[in-house]
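No experiment lies behind these values; they were computed from the predicted model shown.
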Amino acid sequence: MLGHVGSESASIWVKASYSSVPAIIVGQKDDLTDGVTHEGSRVLPEKDFMESITIEGLEAATRYFYAVALDGKVLTARPYPSFTTAPPNGNSGRLRIAFSSCLGGVAPGAAWGQMEATAKADLVLLLGDNHYADTTAREGQTPAYFTQRSLPAFRSLSAHTPIYSIWDDHDYGPNDSDATADAKEVSLETFKQFWPNPAYGETDNPGIYYKFSRGDVEFFMLDVRYHRSPDKMLDDGTKTMLGERQLTWLKENLKASTAKIKIIASGSEWQRHSHPDSWSSYPREREAFFGFLREENITGILLISGDRHFTGGYQIGGEFIEVTAGPLGAKNFPTKNLPEMFFNQGEGKLYAVFDIDTSVEPPRVNVEVHRAGDGIVHQQALPW
């Protein structure tokens with residue numbers, strides 16, 4: 001599975017079935033006669049024979065072919081898969097971003113297959129509930145991950161399209177879980193083994209949050225579980241979704257960002273009329289954050305989320321755009337139109353796509369809603 005692919009590096013997750021030394025052979029020729037071998041560490045049974053290997057020293061905006069080897073033997077069949085590195089950070093251009101959530105027990109192969117065939121996505125964001133193990137225990141989570149990863153349609157898509165992930169409650173721990181979850185550090189270590197994201201929290205603050213750039217678009221992927229106060233806690237001024245350190249990190253990096261588009265991803269919905277297990281239970285922190293965006297005149301913000309088992313668009317307070325996407329595999333829970341909604345799709349297996357062009361002024365952003373079996377069921381421009 002491809003993970004983070006930057007302008008000079010790429011990370012690839014490998015799962016073997018026995019103790020061995022994995023390697024990735026990378027080259028620009030489709031037969032890999034120019035291939036360079038990048039060896040990982042021996043995979044061991046206590047880590048389920050998994051390894052993420054990062055390849056450095058690549059050229060920006062360049063297509064590379066690759067193959068996986070174990071103990072020096074190439075096991076990838078021809079034709080070899082390929083990926084394209086990101087353009088240099090800050091470069092303007094077109095970018096297509098697919099995103100969804102709520103994979104259920106197993107997201108149907110039709111959804112993955114259609115995403116690969118028609119979305120033409122440069123990358124995929126999975127916004128939580130990537131499985132429904134509902135436990136922090138490793139022995140409960142790993143079978144759920146392996147079931148999802150074994151789907152041929154997902155394996156085909158993820159062989160050439162970078163996959164980025166954050167978690168929500170069901171793949172973090174029990175339903176509606178928060179910072180009080182027992183053994184949450186075990187869940188964190190398991191997550192880190194399965195997702196080759198560019199970073200996981202900070203040295204002095206554990207979690208799964210991170211940022212990355214793709215051309216002139218910057219992504220801020222949030223952790224809304226590890227430091228989260230209980231939803232039902234009275235707000236005495238300390239109740240928090242993100243925790244003080246993560247919130248400071250987010251603000252500092254948004255202020256420093258020069259990207260034209262800034263996508264902020266949360267497992268929980270931002271909009272003001274959502275259910276209790278969302279930002280609706282943290283209005284003080286949410287409204288203060290929105291105030292920060294106004295005061296600092298930070299523009300180009302797109303909020304994205306999952307969890308709700310329907311796909312919808314909101315303009316929060318007539319100001320901030322949010323798109324929530326899913327479910328990719330779980331049961332639908334459609335809703336009537338909510339006060340801040342401007343589109344609402346509640347039937348079928350759903351994902352959304354942002355089609356962004358930062359080479360024009362102002363930047364152009366279109367949103368598409370895709371449904372497995374039906375293709376695009378809604379699309380519209382989001383005026384700057």
Is it true that, when you exclude [X] itself, more than 12 heavy atoms of the residues, nucleotides or ligands shown sit nearer than 6.0 Å to its [atom1]?
| X | atom1 | value |
| --- | --- | --- |
| E287 | CD | yes |
| D374 | CG | yes |
| E8 | CD | no |
| E347 | CD | no |

For [X] and [Y], indicate whether the former's side chain and the latter's backbone hold a donor-acceptor pair under 3.5 Å.
| X | Y | value |
| --- | --- | --- |
| S11 | V5 | no |
| R228 | D223 | no |
| D357 | P363 | no |
| D31 | T33 | yes |
| N253 | W249 | yes |
| E202 | D204 | no |
| T161 | S158 | no |
| T358 | G93 | yes |
| S257 | A259 | yes |
| N91 | D216 | no |

Is the closest basic N to carboxylate O distance between [X] and [Y] below 4.0 Å?
| X | Y | value |
| --- | --- | --- |
| E218 | K211 | yes |
| D235 | R284 | yes |
| R364 | D355 | yes |
| E189 | K192 | yes |

field: Stepwise side-chain hydrogen bond (donor to acceptor under 3.5 Å, both in side chains) test for R63 and T84
entry: CA-CA 4 Å; R63 187 181 185 187; T84 300; 5.3 Å; no
Are [X] and [Y] connected in the hydrophobic side-chain network, where two residues link if heavy atoms are under 4.5 Å apart?
| X | Y | answer |
| --- | --- | --- |
| W13 | L70 | no |
| I316 | L242 | yes |
| I263 | V124 | yes |
| L188 | L222 | no |
| V26 | I53 | yes |

- request: Kindly assign one of parallel, tilted or perpendicular to the pair Y226 and W167, based on the angle between their ring planes and the thresholds 30° and 60°.
  value: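 Rings of Y226 and W167: parallel, as their planes differ by under 30°.
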- request: Can you label the angle between the H370 ring and the Y351 ring as parallel, tilted or perpendicular, going by 30° and 60°?
  value: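 If you compare the ring of H370 with that of Y351, the planes turn out parallel.
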Where is the tightest heavy-atom contact between [X] and [Y], given as atom of each residue plus distance?
| X | Y | result |
| --- | --- | --- |
| Y210 | P198 | CD1-CG, 3.4 Å |
| S82 | F65 | CB-CD2, 3.7 Å |
| R42 | S19 | NH1-OG, 3.4 Å |
| Y64 | E59 | OH-N, 2.8 Å |
| P362 | W384 | CB-CG, 3.6 Å |
| H227 | T240 | O-CG2, 3.7 Å |

message: Testing D134, N130, L103 one by one against D171 for a side-chain contact (heavy atoms from CB on, under 4.5 Å), which residue passes?
response: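 Single side-chain contact (heavy atoms from CB on, under 4.5 Å) partner of D171 among D134, N130, L103: N130.
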Is the centre of the [X] ring less than 6.0 Å from the centre of the [Y] ring?
| X | Y | value |
| --- | --- | --- |
| H170 | Y132 | yes |
| W270 | F320 | no |
| F354 | F99 | yes |
| F212 | Y164 | yes |

- prompt: Could you walk me through whether T311 and Q345 pass the side-chain hydrogen bond (donor to acceptor under 3.5 Å, both in side chains) check?
  reply: CA-CA 5 Å; T311 296; Q345 294 288 330; over 6 Å; no
Polar side chain donor-acceptor pair, [X] to [Y], under 3.5 angstrom:
| X | Y | value |
| --- | --- | --- |
| S305 | T324 | yes |
| H38 | E56 | no |
| Y314 | E269 | yes |
| T85 | S7 | no |

field: Working for side chain to side chain contact (heavy atoms under 4.5 Å, CB included), residues K239 and S281
entry: CA-CA 9 Å; K239 185 178 182 180; S281 292; 4.0 Å; yes
message: Between L75 and V68, is the side chain to side chain contact (heavy atoms under 4.5 Å, CB included) condition met? List the steps.
response: CA-CA 6 Å; L75 299 179; V68 177; 5.7 Å; no
- request: Begin with the C-alpha distance, continue with both residues' side-chain angles, and end with the deciding distance and a verdict on side chain to side chain contact (heavy atoms under 4.5 Å, CB included) for S359 and R94.
  value: CA-CA 7 Å; S359 67; R94 188 179 177 191; over 6 Å; no
- request: Could you tell me which residues satisfy salt bridge (charged side-chain N to carboxylate O under 4.0 Å, His left out) with E39, sequence neighbours excluded, listed by chain and number?
  value: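 E39 satisfies salt bridge (charged side-chain N to carboxylate O under 4.0 Å, His left out) with no other residue.
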message: Distance check, rounded to the nearest 0.5 Å: H273 atom NE2 versus T335 atom OG1?
response: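 Between atom NE2 of H273 and atom OG1 of T335 there are 11.5 Å.
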- request: Verify side-chain hydrogen bond (donor to acceptor under 3.5 Å, both in side chains) between R308 and S274, making sure each step is shown before the conclusion.
  value: CA-CA 9 Å; R308 296 304 308 278; S274 192; 3.0 Å; yes
message: Applying side chain to side chain contact (heavy atoms under 4.5 Å, CB included) to I166 and L126, what does each step give before you reach the verdict?
response: CA-CA 6 Å; I166 55 176; L126 299 180; over 6 Å; no
message: Run the salt bridge (Lys or Arg N to Asp or Glu O under 4.0 Å) test on E46 and R138 for me, step by step, so that the C-alpha distance in whole Å, both residues' side-chain angles and the decisive distance to 0.1 Å come before the verdict.
response: CA-CA 11 Å; E46 54 265 33; R138 179 180 175 82; over 6 Å; no
Matching residue for R225 among D277, D178, D307 - test: salt bridge (Lys or Arg N to Asp or Glu O under 4.0 Å):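 When D277, D178, D307 are each tested with R225, the salt bridge (Lys or Arg N to Asp or Glu O under 4.0 Å) holds only for D277.
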- request: Take E116 and H160 through the side-chain hydrogen bond (donor to acceptor under 3.5 Å, both in side chains) test and state the conclusion after the steps.
  value: CA-CA 9 Å; E116 179 177 17; H160 62 81; 2.8 Å; yes
Is the terminal nitrogen or CZ of [X] (NZ for Lys, CZ for Arg) located under 6.0 angstrom from the six-membered ring centre of [Y] and within 45° of that ring's axis?
| X | Y | answer |
| --- | --- | --- |
| R272 | W279 | no |
| K262 | F220 | no |
| K15 | F146 | yes |

query: So, do D169 and D129 sit near enough that their side-chain heavy atoms are less than 4.5 Å apart?
result: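 D169 reaches D129 side chain to side chain.
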